[in-house]
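The chains referred to below are lettered A, B, ... by the order of the sequence lines, with proteins before strands, and numbering in each begins at 1.
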Amino acid sequence: GAGVSQSPSNKVTEKGKDVELRCDPISGHTALYWYRQSLGQGLEFLIYFQGNSAPDKSGLPSDRFSAERTGGSVSTLTIQRTQQEDSAVYLCASSLGGNTIYFGEGSWLTVV
Amino acid sequence: AQSVTQLGSHVSVSEGALVLLRCNYSSSVPPYLFWYVQYPNQGLQLLLKYTTGATLVKGINGFEAEFKKSETSFHLTKPSAHMSDAAEYFCAVTSGGSQGNLIFGKGTKLSVKP
């Protein structure tokens with residue numbers, strides 16, 4: 001597609017359930033990023049994939065969070081045993097180098 | 001380590017007035033600097049970026065920013081605010097190269113009064 005595509009756009013889940021958020025990067029982009037945007041917290045880096053290199057997971061807040069990128073394209077962010085503090089907008093982005101990073105519109109997660 | 005500080009979480013200007021959104025960064029290596037805009041319920045859109053070369057960079061929608069190394073600043077300006085500029089603006093820094101990830105400031109919400 002023309003831009004970064006994320007699904008679902010909105011997700012309401014019960015505390016303790018697992019959720020999966022999907023990201024389709026711009027075709028051909030080798031780098032893929034996940035960020036979290038919480039009210040009043042700004043944008044928080046979560047994880048970064050670059051080609052076939054080992055991902056930079058330094059931003060993942062706990063071991064309940066994981067992400068994978070299959071075939072160097074689509075990525076899934078998984079949150080296990082969701083907590084209320086996980087409620088946020090999860091933004092995916094991709095780039096081809098040159099440091100221009102293009103963002104999707106985000107997945108709005110609400111944990112009730 | 002890199003960091004970004006945006007002074008003022010909220011800025012309010014009148015339509016037609018100058019817009020000035022402040023950003024200071026900290027970086028031990030030459031930085032690449034960015035401004036992104038986020039309209040309500042939308043993702044982030046790149047306004048402009050500085051990598052190397054000319055320190056005054058022009059972006060979309062009439063915005064520009066100047067990289068001042070001596071002041072470690074990258075303030076965003078627009079001569080005349082428009083109602084459609086109301087949004088949240090994020091300054092970001094990365095260390096450059098194809099493996100950098102962006103470090104964002106906490107954002108500045110711009111309101112434009114008629």
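Only the side chain of Q37(A) comes within less than 4.5 Å of a heavy atom in chain B; its backbone stays farther off. Only the side chain of Q38(B) comes within contact range of chain A, with at least one heavy atom under 4.5 Å from a heavy atom of that chain. Using a 4.5 Å cut-off between heavy atoms, L44(B) touches chain A through backbone and side chain atoms alike. Using a 4.5 Å cut-off between heavy atoms, L43(A) touches chain B through backbone and side chain atoms alike.
Between F90(B) and Y36(B), the distance separating the two ring centers is not shorter than 6.0 angstrom. Aromatic rings from F63(B) and Y89(B) are positioned such that their centres are separated by under 6.0 Å.
Looking only at side-chain heavy atoms (C-beta outward), V19(B) and L76(B) stay at 4.5 Å or farther from each other.
Using a 30° and 60° split on the angle between ring planes, Y35(A) and F103(A) fall in the tilted class, from 30° to 60°.
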